[in-house]
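Keep in mind the model is a prediction, meaning the values are calculated, not measured. Reckoned from all heavy atoms, side chains included, excluding hydrogens, waters and symmetry mates.
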Amino acid sequence: MTGASDRLSELAAGATDEFDLTDPDHQDRLEQLADTLLAEPGAEPAALRAAALDAPLEFRMAAKLVESRRALLAAPPTRLGIVFAMWGEQNRLTPRSPDNPHGEDSLRTKIRQLRWATVGTAVTWTLYAVDDGCPHGSGRLAQEIAEDASAADQVRVLFLADQVPTEDGPLRSLASADDSRKGGSIILGAMQAIADGVDAVIYTDADNSVHLGQVGLLVAPLREDGARVVLGDRRHPESVLVKDAARWGVGIKSLRHMQRMAGEAIFGRGILDTQAAFKLYQSGLLAEIISDPVVFDFSFDTDWIGAFLARGIDFTQVPFAFLDSAAESATAKQQPMTTWETLLKGMVASLRHHDLLASAASREMADVVDEEVRDYRDLDAIIDVVPPELADAGESSYGDPEVMSPAAMRAWLRAHRPAD
């Protein structure tokens, strides 16, 4: 056992603490390390988890890939549909270059990652890349890349603009692709995957933030435990998370407090990472969930979560590795608080629809969101200040009406309301 531990320590010592999502050499190194660990006799699950605790980033990521690959090798025949939406993704879809410093070659990278993860297994996959009305031709570019990568049979490029308006089905409320902000395209990809007969739908983002070699982490609970919903959880202590926490000001405390209190039905169940773009839904259940969507924007995650909670469906959460791809993110391209406005408003609308505003505090805070957050400017006005009640607040205090009541939050928003 000591020899095996020493060998894992040696491999960890040779790993790096840097990983560049735009560098294909880093992808090579990661998969080579994962292959080495897979072949290492002493790299049993418990030993590998122990070795990864204080190891460099590359080793910790490789450990997740090893766990995933082992799960896929043991899985029975399983058909996966992996869905992601594209709007303004022309830079991340193409390789890094002097003119495209943040290029991730993301579609080719996803294809490669899935091939690595599933080769020699009974798990098959199709990628559904959905153009969300992108004015820069992300869909056409994705088609060209899939052809060039000899993956046209495993990559389906869909265009939301070709499917709306429609008189029936989950997309019937969309007048055009312009009415979608990611959610409509994810729904379209899921619809097509279900129609194609997949066993489960996974959705992710268009960037390389989640190495898709980790899909086995989601498949394992589906196949071993019969889970119908598997949620990736970046906040899990065994997750690997590299994220730019400086993206928001100190007022993020107010936003999280509002979110947790209004969303008590979700956050009170321990679902703290609602927006992780690494989730799996069993196809039959997902067909029910998307039959009557409430929102078609960035808040679709909480709409789907509310839908399965309202049905009394249990769920599993799994740790995984996530490296923030911030430079080309939606929040970097638009007013940051428009994202939070969408998340808060959409969550409240969904919880009302699913009758999940169960406590007086959640109902009152939902009213505050509806009535006091007129648009993103009301949130922008409080993002760089913090209420005295929340100055020392931490994770355990967010959402607690005893720490700061809905009435106090209403007063705080009104006191900082920008002039019309």
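Ring geometry, Trp304 versus Tyr203: the interplanar angle exceeds 60°, so the pair is classed perpendicular (tilted spans 30 to 60°). Relative ring orientation between His136 and Trp87 is described as perpendicular, the plane-to-plane angle rising above 60° on a 0-90° scale split at 30° and 60°.
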Assess the residue pair Arg410 and Glu371 against the criterion (salt bridge (Lys or Arg N to Asp or Glu O under 4.0 Å)); give the C-alpha distance rounded to whole Å, side-chain angles, the decisive distance to 0.1 Å, and a yes or no. CA-CA 9 Å; Arg410 186 187 294 274; Glu371 297 163 10; 2.9 Å; yes
side-chain hydrogen bond (donor to acceptor under 3.5 Å, both in side chains) between Gln32 and Asp28: does it pass, once the steps are laid out? CA-CA 6 Å; Gln32 289 167 8; Asp28 287 340; 5.4 Å; no
Apply side chain to side chain contact (heavy atoms under 4.5 Å, CB included) to residues Val295 and Ser350 and explain how you reach the verdict. CA-CA 7 Å; Val295 297; Ser350 296; 4.2 Å; yes
Walk me through whether Asp205 and Lys182 qualify under salt bridge (Lys or Arg N to Asp or Glu O under 4.0 Å). CA-CA 10 Å; Asp205 277 341; Lys182 185 179 181 179; 2.6 Å; yes
Stepwise, does the side-chain hydrogen bond (donor to acceptor under 3.5 Å, both in side chains) test hold for Thr339 with Thr342? CA-CA 5 Å; Thr339 298; Thr342 297; over 6 Å; no
Going through the distances and angles, do Arg108 and Asp148 end up as a salt bridge (Lys or Arg N to Asp or Glu O under 4.0 Å)? CA-CA 9 Å; Arg108 285 188 185 88; Asp148 185 63; 3.0 Å; yes
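For Asp380 (side chain) and Tyr376 (main-chain N/O), no donor-acceptor pair under 3.5 Å exists by modelled atom type. For the pair Arg311 (side chain) and Ala307 (backbone), a donor-acceptor distance under 3.5 Å is present. Checking side-chain atoms of Ser180 against main-chain N and O of Ala177 turns up no donor-acceptor pair under 3.5 Å. Without hydrogens or angle criteria, Ser9 side chain to Ser5 main chain gives a donor-acceptor distance under 3.5 Å. Side-chain atoms of Thr166 never come within 3.5 Å of backbone atoms of Arg172 as a donor-acceptor pair (strictly under, hydrogens ignored). Side-chain atoms of Arg223 come within 3.5 Å of backbone N or O of Pro77 as a donor-acceptor pair. Proximity of a side-chain donor or acceptor of Asp179 to a complementary backbone N or O of Leu174 within less than 3.5 Å is not detected. Between the side chain of Arg235 and the backbone N or O of Pro319, no donor-acceptor pair lies under 3.5 Å. At distances below 3.5 Å, not a single donor-acceptor pair connects side-chain atoms of Arg181 with backbone N or O atoms of Phe298. Panel note: side chain Asp303, backbone Val294; a donor-acceptor pair is recorded below 3.5 Å.
What you find for Val230 and Ala227 is that their closest heavy atoms are CG2-CB, 4.0 Å. Minimum interatomic distance between Ala85 and Ala206 (heavy atoms only, all atoms of both residues): O-CB, 3.5 Å. Annotation for Ile382 and Ser254: closest pair CD1-CB, 4.0 Å, computed over non-hydrogen atoms. Taking both residues in full, the closest heavy atoms of Ala34 and Trp116 are given as CB-CZ2, 3.7 Å, listed atom of the first, atom of the second, then distance. Minimum interatomic distance between Ser138 and Leu93 (heavy atoms only, all atoms of both residues): O-CD1, 3.7 Å. Here the shortest heavy-atom pairing between Ala190 and Ile290 reads CB-CD1, 4.2 Å.
Surrounding CG of Asp162 are more than 12 heavy atoms belonging to other residues, nucleotides or ligands, all under 6.0 Å away. Other residues, nucleotides and ligands contribute over 12 non-hydrogen atoms within 6.0 Å of the CG atom of Asp153.
Between Leu285 and Val229 the shortest side-chain heavy-atom distance falls below 4.5 Å. Taking the side chain as every heavy atom from C-beta outward, His236 and Phe320 never approach each other to under 4.5 Å. Looking at heavy atoms from C-beta onward, Val130 lies out of side-chain contact with Phe84 at the 4.5 angstrom threshold. Under the 4.5 Å side-chain criterion, counting only non-hydrogen atoms from C-beta, Asp324 is not in contact with Ser209. The side-chain heavy atoms of Val348 and Met258, taken from C-beta on, include no pair separated by under 4.5 Å. Contact check for Asp378 versus Met337: no side-chain heavy atoms found under the 4.5 Å cut-off. Residues Thr126 and Val198 fail the side-chain proximity criterion, which asks for heavy atoms closer than 4.5 Å.
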Only pairs under 3.5 Å count here: list side-chain donor-acceptor contacts from residues 211-221, not counting sequence neighbours, and write none if there are none.
from	atom 1	to	atom 2	distance (Å)
His211	ND1	Gly213	N	2.9
Gln214	OE1	Ala321	N	2.7
Gln214	NE2	His211	O	3.2
Gln214	NE2	Ala321	O	3.1

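Among the candidates Lys253, Arg260, Arg256, the single residue satisfying the salt bridge (charged side-chain N to carboxylate O under 4.0 Å, His left out) test with Glu395 is Arg260. Checking Gln113, His26, Arg112 one by one against Glu31, the side chain to side chain donor-acceptor pair (under 3.5 Å) holds for a single residue, Arg112.
In summary, the side chains of Ser359 and Ser362 do present a donor paired with an acceptor at a separation below 3.5 Å, with no hydrogens or angles considered. Side-chain contact annotation: Glu104 with Ser325, donor-acceptor N/O pair under 3.5 Å present. For the residue pair Thr22 / Asp20, a side-chain donor-acceptor distance below 3.5 Å is found, with atom types taken as modelled.
Here Asp196 pairs with Arg156 in a salt bridge; the nearest charged N to carboxylate O distance falls below 4.0 Å. Ion pairing between a basic and an acidic side chain is recognised when a charged N comes within 4.0 Å of a carboxylate O; Arg49 and Glu67 show no such pairing. With salt bridges taken as basic N to acidic carboxylate O contacts below 4.0 Å, none links Arg79 and Asp199. The pair Asp367-Arg352 counts as a salt bridge, with a side-chain nitrogen and a carboxylate oxygen less than 4.0 angstrom apart.
A cation-pi contact, defined as under 6.0 Å to the ring centre and within 45° of the axis, links Arg234 to Phe322.
Residue Thr274 holds its OG1 atom at 8.0 Å from CE of Met347, rounded to the nearest 0.5 Å.
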